[in-house]
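For reference, the structure is listed below as C-alpha cells.
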Amino acid sequence: MDVRTSGTAVTADSCPSDGPARGPSSTAAAGPGAVDAGLGLAPDDLPDGLVVADERGRVICFNAAAARITDILPGDALGRPLEHALPLQDIEGRRWWRLTDPYGGLAIRRGQPERNLLLGGREVLVSARYVRSRPTGPVQRLVIALRGTEARRRTELSHAELIATVAHELRSPLTSVKGFTATLLQKWERFTDDQKRLMLETVDADANRVTRLIAELLDISRIDSGRLEVRRQRVDMSAAVRRHVQAQTTAGQRPDRFLIRMLEPLPDLWADPDKVDQVLGNLLENAVRHGEGTVTIEVGPVADTTSGEGTSVTVSDEGPGIPEESMSRVFTRFWRGSKRGGTGLGLYIVKGIVEAHGGTITVGRAPAGGAQFRFSLPVAAPAFMA
C-alpha cells in the first residue's frame with residue numbers, strides 16, 4: 001500500500017508503527033504508522049508537522065504540515081540525512097542533531113521534549129521520539145513533531161497585554177494614594193477636618209480600586225487554570241437583585257431608572273453567593289455605565305431539557321447596544337464597549353463564573369434596542385452534598 005506525502009510516493013512501511021505490535025488493544029499513536037493503519041488517515045492529514053528518519057538517519061516521511069512550517073519542499077528533504085534535510089539549531093547557534101545525537105549516546109533515551117529551536121532564522125517548536133526494537137536497542141525510527149510558534153506568540157502577547165493593562169490601572173490609584181498620604185503626613189496641621197476627610201476618602205476609594213483589580217487578576221488566574229472554586233449555598237436571587245439595585249441608587253442613580261420583573265415561583269438555587277453578587281454587580285454596572293434609559297432586570301425560572309431546572313436573569317438597557325460584529329468578542333479579555341474605561345476583564349470573569357456553575361451566558365439586542373445579557377444557573381446541589 002502506498003500513501004502520497006506532499007506529492008512524493010512513500011510506502012506505508014516507510015512510516016512504521018511505534019515498535020512491535022502490542023495486541024488488538026494497542027494504541028501506538030506516537031508512530032506515524034498508527035495514522036496509516038486502520039484509521040484511513042495519511043501523514044498529510046495531521047495538523048502538525050511530521051518528519052520520520054530511518055535507522056540510518058535519512059528522512060523517509062515529510063508531511064505537508066512540515067513543509068508549511070519549515071518552508072522546505074518534501075522533495076528536498078526525502079532521502080537526505082536528517083542533519084542536512086532539517087538543519088535545526090538551538091538559541092545559541094549549536095547544531096541540534098549533533099548536540100542531541102539521537103542515534104548514539106545513552107540507549108535508554110526515549111526522545112526529546114518539545115522546545116523552541118531555530119530553522120533558517122525562524123522559530124519552530126520541535127519534539128522527538130526515539131523508536132527502538134527493544135528497550136535498549138538501536139534507534140530504528142526517529143519521529144519528529146513540528147509546530148509553529150504562532151499560538152505561543154498569541155499567548156505571550158495576551159500575557160504582555162494583561163501586564164500592561166494591570167500596570168496602567170495600578171499606576172493611577174497608587175499615585176493618588178502615595179500623593180495624599182505624603183501630603184497628609186507632611187502638612188497634617190495645615191488642613192481642616194473636612195479637607196482631611198476628603199483626602200482620606202479618596203485614598204480609601206483608590207485602595208478599594210486596587211483591591212478589586214487584584215481580585216480580578218486572581219479570578220482570571222483561577223479561570224484559566226480551571227481552579228475556580230464554587231462554594232454552593234442557598235441563594236435568593238430576588239433578594240440579590242434588589243440588593244444590587246439598592247446599591248446603585250445609594251450611589252446616586254435614580255430609582256426610576258431600574259425596573260425589576262420577577263416571574264415567580266423560582267426554584268431553589270444553590271450557588272456561590274459571592275460569585276453571584278460579582279456577576280450581578282458587573283452586569284448592572286455595565287448597563288448603567290454604557291447603556292441609557294431604563295435598566296430592566298428580569299428574573300424567572302428556566303427549564304432546559306438537557307440541564308434541568310434553573311434560574312435565569314436578564315439585564316437589558318435602552319442604549320445604543322453592542323454592534324453585531326462585536327458580539328462574538330464581548331466575553332473575551334480586554335473587550336471594551338464604545339465608552340472607554342475599566343480593564344475590559346469584567347465580562348470575561350463573568351462568563352468564567354457562570355460556566356464554573358454549569359450555567360450559560362449570552363448577549364444580544366434588547367427589545368428597546370440596547371444590550372441584553374442573559375445568564376442561567378442550574379439548580380444544582382449544596383456544597384456538602386456535592
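Quick note: residue numbers are just sequence positions, from 1.
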TODO: Establish whether I349 and I214 are linked, either directly or via other cluster members, by ILVMFWY side-chain heavy-atom contacts under 4.5 Å.
DONE: yes
TODO: Look at the side chain of D44 and the backbone N and O of A64, then say whether any donor-acceptor pair between them is shorter than 3.5 Å.
DONE: yes
Open item on the list: Quick one, Y103 and L142 - any side-chain contact, counting heavy atoms below 4.5 Å?
Closed with: yes
Task: Flag, side chain of T175 to backbone of R171, donor-acceptor distance under 3.5 Å - done: yes
TODO: Compare all side-chain heavy atoms of R209 with those of S172 and state whether any distance is below 4.5 angstrom.
DONE: yes
Task: Distance-minimising heavy-atom pair for G148 and I69 - done: N-CD1, 3.9 Å
Open item on the list: Against V124, only a single residue in L146, N116, L117 fulfils side-chain contact (heavy atoms from CB on, under 4.5 Å); can you say which?
Closed with: L146
Task: Atom of A207, atom of V177 and distance for their closest heavy-atom approach - done: N-CG2, 4.3 Å
- [ ] Quick one: closest heavy-atom pair of A366 and A371, and the distance?
- [x] CB-O, 3.9 Å
Open item on the list: Please check: side-chain N/O of N286 versus main-chain N/O of G281, any donor-acceptor pairing under 3.5 Å?
Closed with: no
Open item on the list: Quick one, R80 and V59 - any side-chain contact, counting heavy atoms below 4.5 Å?
Closed with: no
TODO: State, with a plain yes or no, whether a side-chain heavy atom of R94 is found less than 4.5 Å away from one of Q89.
DONE: no
Open item on the list: Between R222 and E229 (salt bridge meaning N to carboxylate O under 4.0 Å), is one present in this structure?
Closed with: no
- [ ] Look at R243 together with D277 and state whether they make a salt bridge at an N to O cut-off of under 4.0 Å.
- [x] yes
Task: E298/R374 salt bridge by N-O under 4.0 Å criterion - done: no
Task: Shared hydrophobic cluster for L125 and W96 (ILVMFWY, side-chain gaps under 4.5 Å) - done: no
Task: Distance-only polar pair, side chains of H357 and D272, donor-acceptor under 3.5 Å - done: no
- [ ] Before giving the answer on side-chain contact (heavy atoms from CB on, under 4.5 Å), spell out for R132 and R109 the whole-Å C-alpha distance, their side-chain angles and the decisive distance to 0.1 Å.
- [x] CA-CA 10 Å; R132 305 176 188 271; R109 294 182 304 170; 4.2 Å; yes
Task: Salt-bridge criterion met for R115 and D90 (N-O under 4.0 Å) - done: no
- [ ] Would you mind telling me which of L284, I260, V276 makes a side-chain contact (heavy atoms from CB on, under 4.5 Å) with V241?
- [x] I260
- [ ] Might you work through the side-chain contact (heavy atoms from CB on, under 4.5 Å) test for R254 and T249, ending with a clear yes or no?
- [x] CA-CA 6 Å; R254 303 188 322 272; T249 58; over 6 Å; no
TODO: Working to the nearest 0.5 Å, report the span between CE of M237 and CG of D268.
DONE: 12.5 Å
Open item on the list: Looking at R58 and D54, is any side-chain nitrogen of the basic one under 4.0 Å from a carboxylate oxygen of the acidic one?
Closed with: no
Task: Minimum side-chain heavy-atom gap L269-L377 below 4.5 Å - done: yes
- [ ] State yes or no: do I353 and V363 share one hydrophobic cluster built from I, L, V, M, F, W and Y residues joined by side-chain heavy-atom distances below 4.5 Å, directly or via other members?
- [x] yes
Task: Salt bridge flag under 4.0 Å for residues E355 and K351 - done: yes
- [ ] Would you tell me whether Q278 and D219 have side-chain atoms, one donor and one acceptor, within less than 3.5 Å of each other?
- [x] yes
Open item on the list: Using modelled atom types and a 3.5 Å cut-off, is there a donor and acceptor pairing between side-chain atoms of T250 and backbone atoms of Q246?
Closed with: yes
Task: Close side-chain approach of S316 to V295, heavy-atom, < 4.5 Å - done: no
Open item on the list: Quick one, L118 and L88 - any side-chain contact, counting heavy atoms below 4.5 Å?
Closed with: no
Open item on the list: Can you confirm whether K178 is buried at NZ, in the sense that more than 12 heavy atoms of other residues, nucleotides or ligands lie under 6.0 Å from that atom?
Closed with: no
TODO: Say whether L218 and V350 are linked into one hydrophobic cluster, either directly or through other cluster members, by side-chain heavy-atom distances under 4.5 angstrom.
DONE: yes
TODO: State plainly whether one hydrophobic cluster holds both L119 and L73, where clusters connect Ile, Leu, Val, Met, Phe, Trp and Tyr through side-chain heavy atoms under 4.5 angstrom apart.
DONE: no
Open item on the list: If we ignore hydrogens and angles and just use 3.5 Å, is the side chain of R110 paired with the main-chain N or O of Y130 as donor and acceptor?
Closed with: no
- [ ] Check each of V354, V313, L347 against V279 using the side-chain contact (heavy atoms from CB on, under 4.5 Å) test, and report the only one that passes.
- [x] V354
Task: Any donor-acceptor N or O pair under 3.5 Å, side chains T332, R329 - done: no
Open item on the list: For a 4.5 angstrom cut-off between non-hydrogen side-chain atoms, does T311 reach V379?
Closed with: no
Open item on the list: Between L283 and F375, is the side-chain contact (heavy atoms from CB on, under 4.5 Å) condition met? List the steps.
Closed with: CA-CA 10 Å; L283 294 181; F375 70 92; 3.7 Å; yes
